[in-house]
Amino acid sequence: MKIILASGSPRRKELLSGLGLDFEVRLLSGIDESYPEGLPTDRIAEYIARSKSAAYVGNISDDELVITADTIVVVDDKVLGKPVDADDARSMLRMLSGRTHQVITGVCLTTKVQERSFSVETDVTFKKLSSWEIDYYIDNYKPFDKAGAYGIQEWIGLVGVESINGSYFNVMGLPVQRIYNELSSFQNSR
């Protein structure tokens with residue numbers, strides 16, 4: 001199967017490359033990333049990944065498999081998406097400061113005839129962040145393309161993350177170990 005990564009994220013591309021797989025990046029615009037109100041937070045990322053995948057089914061050939069993904073950050077059952085500006089990022093990082101939150105990535109593997117989806121959850125605990133640390137990070141790293149307003153692989157992760165329980169790569173946006181296992185199982189079921 002020819003693998004298609006349906007994501008413009010440089011982190012997802014880097015992580016999938018680490019598996020040694022040949023793939024191409026293919027992007028469609030205008031995909032609806034909304035979800036039904038009242039959907040449990042632990043199902044949102046997978047729901048969005050499946051919605052993204054549905055947009056690709058008509059645009060792939062019989063020998064192609066598309067990987068779609070979506071990552072959310074959840075604290076106190078509240079979903080934190082990508083911040084709209086520096087004030088929004090500041091508010092999100094204050095909410096995460098000194099607390100444990102969940103990073104959930106939903107993934108969908110799709111061919112013309114088969115679909116397999118799953119989600120992976122990781123608990124991340126931040127130390128109490130100072131206002132200076134939050135401002136420094138936002139000013140220097142501009143985390144506006146990241147759910148929860150942070151990248152664990154960046155400065156804030158180095159100085160702020162006290163512990164993680166689960167997949168580090170999931171927090172970066174792609175649970176590659178699980179994807180590898182699912183792709184292996186997917187190939188064997190053909």
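Given the structure is predicted, the values throughout are model-derived calculations rather than measurements.
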Checklist entry - Do Asp88 and Phe144 have side-chain heavy atoms sitting under 4.5 Å apart? => result no
Next on the checklist: If hydrophobic clusters are built by linking Ile, Leu, Val, Met, Phe, Trp and Tyr wherever their side-chain heavy atoms come under 4.5 Å apart, do Leu93 and Met172 end up in the same one?
Outcome noted: yes
Next on the checklist: What I'd like to find out is whether the side chain of Thr125 reaches to under 4.5 Å of the side chain of Val161, using heavy atoms alone.
Outcome noted: no
Item to check | Heavy-atom check, side chain of Arg116 versus side chain of Ser185, under 4.5 Å | outcome: yes
Checklist entry - When you check the gap from the basic side-chain N to the acidic O, do Glu133 and Lys127 get nearer than 4.0 Å? => result yes
Next on the checklist: For Val103 versus Val171, what's the shortest heavy-atom pair and its separation?
Outcome noted: CG1-CA, 3.8 Å
Checklist entry - Which residue pairs satisfy the salt bridge (Lys or Arg N to Asp or Glu O under 4.0 Å) criterion with at least one member in residues 66-76, sequence neighbours excluded? => result Lys52-Asp70, Asp76-Arg99
Item to check | Phe23, CZ: over 12 other non-hydrogen atoms inside 6.0 angstrom | outcome: yes
Checklist entry - Which is it for Val107 and Ile179 under the side-chain contact (heavy atoms from CB on, under 4.5 Å) test, yes or no, and what are the steps along the way? => result CA-CA 8 Å; Val107 177; Ile179 287 173; 4.1 Å; yes
Checklist entry - Taking atom CG of Asp22 as the centre, does the number of heavy atoms from other residues, nucleotides or ligands within less than 6.0 Å exceed 12? => result no
Item to check | Single-linkage hydrophobic cluster Tyr141~Val73, side-chain heavy atoms < 4.5 angstrom | outcome: yes
Checklist entry - Under the side-chain contact (heavy atoms from CB on, under 4.5 Å) criterion, do Gln153 and Arg11 qualify, and how do the steps go? => result CA-CA 10 Å; Gln153 72 280 8; Arg11 292 165 299 283; 2.9 Å; yes
Item to check | Validation row: Ser51, Ile31 side chains within 4.5 angstrom (heavy atoms) | outcome: no
Item to check | Transitive ILVMFWY side-chain link Val75 to Tyr35, under 4.5 Å | outcome: no
Next on the checklist: Can you confirm whether Arg94 sits close enough to Ile134 that some side-chain heavy atom of one is under 4.5 Å from a side-chain heavy atom of the other?
Outcome noted: yes
Item to check | Side-chain (Ser97) to main-chain (Leu129) donor-acceptor, under 3.5 angstrom | outcome: yes
Item to check | Taking every non-hydrogen atom, the tightest pair across Ala147 and Ile72 | outcome: CB-CA, 4.2 Å
Checklist entry - Would a line drawn from the ring center of Phe126 to the ring center of Tyr150 be shorter than 6.0 Å? => result yes
Item to check | Nearest heavy atoms of Leu28 and Tyr56, plus distance in Å | outcome: N-OH, 3.0 Å
Checklist outcome for this item: Value for OG1 (Thr100) from CG (Asp123), rounded to nearest 0.5 Å, stands at 6.5 Å
Item to check | Point-to-point distance, once rounded to the nearest 0.5 Å, from CG of Leu96 to CG of Leu80 | outcome: 5.5 Å
Checklist outcome for this item: ring-ring contact (aromatic ring centres under 6.0 Å, His included) filter on Phe169, not counting sequence neighbours, yields none
Checklist entry - If you round to the nearest 0.5 Å, how far is CD1 of Ile48 from OG1 of Thr105? => result 11.0 Å
Next on the checklist: Please evaluate residues Thr110 and Arg50 with respect to the criterion side-chain hydrogen bond (donor to acceptor under 3.5 Å, both in side chains), reporting the C-alpha separation (whole Å), side-chain torsions for both, the decisive distance (0.1 Å), and the verdict.
Outcome noted: CA-CA 9 Å; Thr110 307; Arg50 291 183 75 201; over 6 Å; no
Checklist entry - So, Glu64 and Lys112, do they make that salt bridge, N to O below 4.0 Å? => result no
Item to check | Within-4.5 Å side-chain heavy-atom neighbours: His101 and Met95 | outcome: no
Checklist entry - Can you check side-chain contact (heavy atoms from CB on, under 4.5 Å) on Thr122 and Asn165, steps first, answer last? => result CA-CA 6 Å; Thr122 303; Asn165 183 15; 5.8 Å; no
Checklist entry - Should Leu183 and Leu174 be counted in the same cluster of Ile, Leu, Val, Met, Phe, Trp and Tyr side chains packed under 4.5 Å apart? => result yes
Next on the checklist: I'd like to know if Glu24 pairs up with Arg26 as an ion pair, taking the criterion as any Lys NZ or Arg NE/NH1/NH2 lying under 4.0 Å from an Asp or Glu carboxylate oxygen.
Outcome noted: yes
Next on the checklist: Testing the basics here: between Leu19 and Val176, what is the closest heavy-atom pair and its distance to 0.1 Å?
Outcome noted: CD1-O, 3.9 Å
Next on the checklist: side-chain contact (heavy atoms from CB on, under 4.5 Å), that's the test. Do Leu21 and Leu16 meet it? Break it down for me.
Outcome noted: CA-CA 7 Å; Leu21 302 171; Leu16 194 58; 4.1 Å; yes
Next on the checklist: One pair to check against side-chain hydrogen bond (donor to acceptor under 3.5 Å, both in side chains): Thr41 and Asp77. What are the steps and the verdict?
Outcome noted: CA-CA 7 Å; Thr41 54; Asp77 215 33; 3.0 Å; yes
Next on the checklist: To check you understand the geometry: which heavy-atom pair defines the closest contact between Ser34 and Tyr47, and what is its length?
Outcome noted: O-CE2, 3.6 Å
Next on the checklist: Salt bridge or not between Asp135 and Arg90? Use side-chain N to carboxylate O under 4.0 Å.
Outcome noted: yes
Next on the checklist: If only side-chain N and O atoms count, and only distance matters, is there a donor-acceptor pair under 3.5 Å linking Thr71 with Arg12?
Outcome noted: yes
Checklist entry - Any donor-acceptor pair under 3.5 Å linking the side chain of Asn170 with the backbone of Val120? => result yes
Checklist entry - Can you check whether Thr111 reaches Met1 side chain to side chain, under 4.5 Å on heavy atoms? => result yes
Checklist entry - How about Ser117 and Glu46: does a side-chain donor come under 3.5 Å of a side-chain acceptor? => result yes
Checklist entry - What is the distance from atom OH of Tyr180 to atom CD of Glu182, rounded to the nearest 0.5 Å? => result 13.0 Å
Checklist entry - Which atom pair, heavy atoms only, marks the closest approach of Ser53 to Thr68? => result CB-OG1, 3.5 Å
Item to check | Cluster link Val57 to Leu65, ILVMFWY, side chain under 4.5 Å | outcome: no
Item to check | Heavy-atom side-chain proximity of Glu115 to Cys108 below 4.5 angstrom | outcome: yes
